[in-house]
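Each remark here refers to the structure printed beneath this line.
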Amino acid sequence: ISQLRTEFKNRFGDFRAYKEESHLFVAPFDIDVSEVPTWFQMEAIELQCSEELKAKFSSCSLFNFYKNVIVPSGQFPSLIDNALQVVSMFGSTYRCEQLFSKMKFSKSQLRSQLTDNHLNDILFLSSSVLKPDL
């Protein structure tokens, strides 16, 4: 259990550095405006004063709020940049896990003789979004 705790601290220790940004993303209406960075204070005041946005925030999911309300309006560029930064942290983790899964599938016991160059080529092809035009 102690090894597991150590591994969690190592793996998720970076998230503590982004605590403030994460809180801005998850609860933009609950933050104290005087405690947020200066680059976000005016947008936070404007956001928190809007009863319409508060209603939309409470009536839909977090991702739908940003995707359907905040981003199309273009009214809060700093909030949008912060949201993209927070969301991209998890997307990059997903892509890494997906790539390792493909590598595990490619390098099975039946294919144990693959060289690193061949594995690299297989992973490149399997992770590419390009479709061959045959």
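What you are looking at is a predicted structure, and each value in this text was computed from that prediction instead of being measured.
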#### Entry: Residues that Ser61 engages under side chain to side chain donor-acceptor pair (under 3.5 Å), provided they are two or more places apart
Asn64
### Message
Count I, L, V, M, F, W, Y as connected when their side-chain heavy atoms are under 4.5 Å apart, and connections chain through other members. Are Leu62 and Val69 then in the same cluster?
### Response
yes
### Shortest non-hydrogen separation from Val87 to Phe63 and the atoms involved
CG2-CE2, 3.7 Å
### Message
For the OG atom of Ser50 and the CD1 atom of Ile45, what is their distance to the nearest 0.5 Å?
### Response
14.0 Å
### Task
Please name all residues satisfying side-chain contact (heavy atoms from CB on, under 4.5 Å) with Ile80, sequence neighbours left out, ordered by chain then number.
Ile70, Val71, Leu84
#### Entry: Heavy-atom side-chain proximity of Phe76 to Leu47 below 4.5 angstrom
yes
### Message
If the condition is ring-ring contact (aromatic ring centres under 6.0 Å, His included), which residues does Phe65 pass it with, not counting sequence neighbours?
### Response
Phe57
### Task
Could you list all the side-chain hydrogen bond (donor to acceptor under 3.5 Å, both in side chains) pairs where at least one residue sits in residues 33-42, not counting sequence neighbours?
Asp32-Ser34
### Counterpart residues, side chain to side chain donor-acceptor pair (under 3.5 Å), relative to Gln48 (two or more places apart)
none
### Message
Which residues pass the side chain to side chain donor-acceptor pair (under 3.5 Å) test with Glu43, not counting sequence neighbours?
### Response
Ser78
### Message
Taking salt bridge (Lys or Arg N to Asp or Glu O under 4.0 Å) as the cut-off, I'd like each qualifying pair that reaches into residues 56-70, sequence neighbours left out, listed once.
### Response
Glu52-Lys56
Pairs under 3.5 angstrom only: tabulate donor-acceptor contacts from the side chains of residues 19-30 to other protein residues two or more places apart or in another chain.
residue, atom, partner, partner atom, Å
Ser22, OG, Tyr18, O, 2.9

